[in-house]
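Residues take their numbers from the sequence shown, with the count starting at 1.
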Amino acid sequence: HTVAHNTVVVDRIDQSREATARLRCLNAAGPVRFVEVETVNAYPQCPVYRRAVLMVGEDYVLDVFRVLGGTRHEYAFHAYGNMTVRGLKRVRRVPETVSATAEGYKLLAGFQKGTAWGDLEVLWRKPTSDEDGTVGLRMRMLSDPLVPITTVRFGPGYLADEENPVGMVILERWGGR
């Protein structure tokens, strides 16, 4: 189920099981690390399906997907912790019945839906026994006026339970880029 991974789903279809990746660049040493990988056969309608990740120290990660082709791109991301989404308008709970070829969408339930206007921020927080009491992850999606995020769905992820909540967000863009 492609949507179960922190990746981009194209046209609500699972990636090809025969997809192969090619390492384009790797710098795994020092305080600034970088990797870029591309897959040429993940989706037949996508001549470009590439991901670059830059990590600065232990605190900052920049994750850039470049996908050309297809009609609908959905960036699915999940993490452990209680999730808060900021920057949405018209948020509502929807009884989502997803018509998708990808099986993973049938597992999503209890999601809310909204529209992003400008930058979007998603926070995951999980209580710990450390001194500060919490550990967290912050994701910020910068707005793109040429290809806005049209729909944001968020809710419990696949592996969620009371002790280990998993928050999942799916950011949708239309337009093939």
Side-chain angles (χ1 to χ4, degrees), residues 1-10 14-70 72-88 104 116 118-149 152-154 156-160 163-173 175-177:
H1 307 307
T2 303
V3 73
H5 301 277
N6 293 337
T7 191
V8 172
V9 180
V10 178
D14 281 333
Q15 290 180 6
S16 166
R17 294 200 183 270
E18 286 78 41
T20 55
R22 181 173 70 102
L23 182 65
R24 293 178 52 92
C25 182
L26 174 65
N27 174 18
V32 178
R33 293 170 296 230
F34 179 79
V35 65
E36 184 176 18
V37 179
E38 74 177 341
T39 304
V40 292
N41 56 348
Y43 293 100
Q45 68 272 41
C46 296
V48 175
Y49 190 87
R50 187 179 302 157
R51 184 178 206 169
V53 178
L54 175 75
M55 186 171 182
V56 180
E58 299 296 322
D59 296 327
Y60 296 98
V61 175
L62 176 65
D63 187 10
V64 178
F65 261 98
R66 182 158 166 74
V67 180
L68 296 176
R72 173 189 276 178
H73 297 167
E74 292 175 301
Y75 179 56
F77 194 91
H78 64 273
Y80 283 103
N82 297 308
M83 185 175 67
T84 305
V85 181
R86 297 180 182 152
L88 292 179
D119 294 351
L120 178 72
E121 184 176 71
V122 185
L123 299 167
W124 287 268
R125 293 220 174 269
K126 184 171 171 72
T128 67
S129 58
D130 293 348
E131 242 179 65
D132 67 357
T134 61
V135 65
L137 172 68
R138 174 177 296 161
M139 178 173 73
R140 176 159 287 171
M141 297 293 292
L142 303 178
S143 62
D144 181 347
L146 298 177
V147 188
I149 297 170
V152 177
R153 288 186 304 285
F154 58 98
Y158 294 96
L159 306 172
E163 283 187 41
N164 298 299
V166 177
M168 183 171 193
V169 63
I170 300 174
L171 310 169
E172 179 181 293
R173 286 188 169 155
R177 69 170 222 145

Shortest non-hydrogen contact from [X] to [Y]?
{"X": "C46", "Y": "G70", "answer": "SG-N, 4.2 Å"}
{"X": "V10", "Y": "Y43", "answer": "N-OH, 3.3 Å"}
{"X": "M168", "Y": "A76", "answer": "CE-CB, 4.0 Å"}
{"X": "N6", "Y": "H78", "answer": "OD1-N, 2.8 Å"}

When the side chains of residues 23-32 are checked against the rest of the protein, which donor-acceptor pairs come out under 3.5 Å, sequence neighbours left out?
{"unit_1": "R24", "atom_1": "NH1", "unit_2": "E38", "atom_2": "OE2", "d": "3.4"}
{"unit_1": "N27", "atom_1": "OD1", "unit_2": "A29", "atom_2": "N", "d": "3.3"}
{"unit_1": "N27", "atom_1": "ND2", "unit_2": "V32", "atom_2": "O", "d": "3.4"}

Rounded distance (nearest 0.5 Å) linking atom [atom1] of [X] with atom [atom2] of [Y]:
{"X": "N82", "Y": "R125", "atom1": "CG", "atom2": "CZ", "answer": "10.5 Å"}
{"X": "R140", "Y": "R86", "atom1": "CZ", "atom2": "CZ", "answer": "9.0 Å"}
{"X": "F65", "Y": "T7", "atom1": "CZ", "atom2": "OG1", "answer": "3.5 Å"}
{"X": "H73", "Y": "E172", "atom1": "NE2", "atom2": "CD", "answer": "11.0 Å"}

Sorted by chain and number, sequence neighbours left out, side chain to side chain contact (heavy atoms under 4.5 Å, CB included) with A79 holds for F77, W124, L137
Are R173 and V67 side-chain neighbours, meaning at least one heavy-atom pair lies under 4.5 Å?
no
Note, Q15 side chain near T39 side chain (heavy atom, < 4.5 Å)
no
Could you tell me whether the side chain of Y49 and the main chain of G69 form a donor-acceptor pair under 3.5 Å?
no
Is the backbone N or O of S16 less than 3.5 Å from a side-chain atom of N41, with the two atoms forming a donor-acceptor pair by type?
no
